[in-house]
Amino acid sequence: MNSKSANKITYQIPVGPIHPALKEPVQFEFEIEGERIIDVDVSVGHVHRSVEWAGTRRNPIQILYLAERICGICSYCHPMAFSLATERAAEIDVPERAQYIRVIHQELERICSHVLWAGVAAHEIGFDSVLFLTWQIREKALDLTEYLTGNRVTKGITMIGGVRRDITKDMYPKIMEVMKYFKDNFEKIRKIFLDDKTFKLRTQGCGILTKEDALKLCACGPTTRASGVKKDVRVDQPYFAFGDLDFDYITPDILTGEVNGDVYDRIIVRLLEVKGSIDLIEQCLDKMPSGDIVSEEKIAKILSILKKVNGEGIGRMEAPRGEVFHYVKYNGNESPHHWKVRAPTYNNILPWIPMLKGNQIADIPIVAASTDPCMSCTNRVAIIDNGKKYQLDKQKLYELSVEKTRRLMK
Amino acid sequence: MDLAVVTQAALITIIGAIGVTIFGIVFGLFYKGIDRKLSAHMQGRIGPPLKQPFLDVIKLFTKENIVPENAISWIFNLVPLIGLVTTISILLYLPIAGFDPLLYNKGDLILILYLLIIPSLSMVIGGFSSGSPYTTIGAQREMATMIAYEFPLAIIIISIAWKLSIDGVSNVFSLSSIIAAPIWSTVGPLGFIGFIILLLSLIIVTPAELSKIPFDSPEAETEIAGGILAEYSGRNLAMFYLTDGVKTIVMASLIVALFFPYNLSPLLGLESYFAFSIDIIFYLIKVFLVILFSVTLIRVAIARLKIDQIVYTYWVPLTLLSLVGLICIMWDQTIMTNFGLEPLFEMIGLI
């Protein structure tokens, strides 16, 4: 068998950095035999924008708006994770009402993101009707976002120590109306994605990520939960008001009773998460206590507090795509001494390799899309020396990280 | 005298050929516009205006024609033309708008089957000659698709010809004789079901013949960036675009000629130019309905299949389906002629 396959001629196809299957630049080098993928190499680093560097030259309030622009879809998670890190570093207490409002916005973002993803997934397998149908539903979520925050995409709602806008009682009917709309349409979407024959043909059994691989490669978010790994920051280390809310891990076996770790399971997880998010928003509206929405209203005062901070903080959040992680260190200056962002896609790049190997060329778009990659969030470093791009090996990276830790400790 | 008749016939053929070419291109693009508009409405979009395909072609013809560095340029430039010319030439053998085929005594269904392969084949050759991995994959897939759908297509054509030969028609593969004796009128209830099954199979073969979703994996834009057409631009791409439009008319006309060769004018007792215009309109409506069911509805309703799934679909379920159709027609012949309707019902257990 081995000698037979050795005789077969393989060829390479490049996918990316610019390719219709990819919404953002990332490069795959495929080794193909016939229609089957033998090997794959992924390289990233095409959209590095020096966000962290820019952050260390701004004050924390300005960073909130910079962080919003790390990613177009997780435009709430990044500033929120940064403000969680900052609150921890400065020991600022967030009022309880603000915690609930933060949950509402986060879950609304999750609905937006997952429904958008569902449309993209449908487009990747050539089912454009579903793309337009799902995006019509997403439109309602965007309208609600606009109603609650004043913006449709970059929400501008985050403030260190709380949120910038309250959700008042007279807003409830509109929120409930949209939630009802989602619930009514949920069954329709579920039917299309989980019962449609062509959807099943294209998604079942393709792009399998085993539980072992998911654990070994530290996958996060729906990608890992679809492989049966129970990992969700909202449950593991509750932040905001999640500790008070009734919520559990979402894995595909809730619906089907088994875990395959294929694209179909990832669809199930995301669909169930949308349902879970609707439920969480309703719980928040029920339980939300009255009170302040921000610990300190005057921005100048917050800035003056933060100027005196000498310490570090970590902000972890469950973004729609997985765990987002922000580290920030203040040393008594106006701007943070260091700011580090780790977006969920960073963890979900390596799982692509076991997912793609052995599949067909036709599976590339849907498998690549199934982790919901967001390259703009992920790209943290591009090393260019005299106009030449080079990569760092493990040893060099280790030396550099030790060097950096020493520098930070000073 | 004799010479005059020959010249006149030749002149009619030439003018007719030009007319058919213009008809094929204009209506091919027009139906493409309708298809795009309708599918847009089905998907909840507004969609482009009806004239968009015409604008697209005009734009493409004014654009630069880029030939890739590692392409074999003469083949690369030649095949789009071959594709377009052969597709238009099929129209000459098909009855259009109630008129007899322009070359009715020169070719038959078998020739049409062969000619139908050439546009796809020219795309395959163009794909291989482009010298790009995407086009090569696309060309391989197109070949696999062709091999897949030819089998059920052949069964459908053979079934119809076989039925005609049983009925004692002399030239069974000639389209004129099929039109003269519409197939529905020659069979009993079981044969009727058989022909409906065959029609269904032919409607499912059509999207593959035209490289439309769900059978568009040779061109799958999200996978291989347009596949066969990835390297084509400008004039050459415009010609493939036109080929696609004309081929849609060809497939629709073939289905109309095989299964719905009826005209309205004899029914209404009309004559002369009025009859012609009614027949033309009726034919256009028939073509529209065929395109609606075989292209537009299918392509908005399902996702793209993988190449192995396409080959499986055609070789197993669809071949079986058309064989069932063939068997129905055969049984219709033997059972109906020998026993009549009642024993049949008895056999299925209705009585």
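All values below come from the heavy atoms of this structure, side chains included, with hydrogens, waters and symmetry mates left out. Residue numbering restarts at 1 for every chain, and letters A, B, ... go by the order of the sequence lines.
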Undergrad: Atom CD of residue position B/Glu69 - does it have more than 12 heavy atoms of other residues, nucleotides or ligands inside 6.0 Å?
TA: no
Undergrad: Got a sec: does the CZ of A/Phe132 have more than 12 other heavy atoms crowding it under 6.0 Å?
TA: yes
Undergrad: Above 12 or not: heavy atoms from other molecules or residues under 6.0 Å from NZ of B/Lys51?
TA: no
Undergrad: With a 4.5 Å cut-off on heavy-atom pairs, point out which of B/Thr136, B/Asp216, B/Val300 contacts chain A the most.
TA: B/Val300
Undergrad: Quick check on A/Phe186: does its CZ atom have over 12 non-hydrogen neighbours (other residues, nucleotides or ligands) under 6.0 Å away?
TA: yes
Undergrad: For B/Ala40, which atoms come within 4.5 Å of any heavy atom of chain A: side chain, backbone, both, or neither?
TA: neither
Undergrad: Looking at every heavy atom in both A/Leu201 and B/Lys306, which two are closest together, and how far apart are they?
TA: O-CE, 4.3 Å
Undergrad: For chain B, which candidate among A/Glu124, A/Gln136, A/His19 shows the most heavy-atom pairs at distances under 4.5 Å?
TA: A/His19
Undergrad: Do B/Ile137 and A/Tyr11 have side-chain heavy atoms sitting under 4.5 Å apart?
TA: yes
Undergrad: Using a 6.0 Å cut-off, check whether atom NZ of A/Lys275 has over 12 heavy atoms from anything other than its own residue.
TA: no
Undergrad: Please report the closest heavy-atom contact between A/Ile125 and B/Ala303, naming both atoms and the distance.
TA: O-CB, 3.5 Å
Undergrad: Please identify, among B/Arg141, B/Met42, B/Arg299, B/Gln140, the residue contributing the most non-hydrogen atom pairs under 4.5 Å to chain A.
TA: B/Arg141
Undergrad: For B/Phe61, I'd like to know if atom CZ has over 12 heavy atoms of other residues, nucleotides or ligands within 6.0 Å.
TA: yes
Undergrad: What do the steps show when you test B/Tyr134 against A/Val15 for side chain to side chain contact (heavy atoms under 4.5 Å, CB included), and what is the final call?
TA: CA-CA 10 Å; B/Tyr134 295 131; A/Val15 172; 4.3 Å; yes
Undergrad: Looking only at heavy atoms, which two atoms of A/Gln360 and B/Asp308 are closest? And how far apart?
TA: NE2-OD2, 3.1 Å
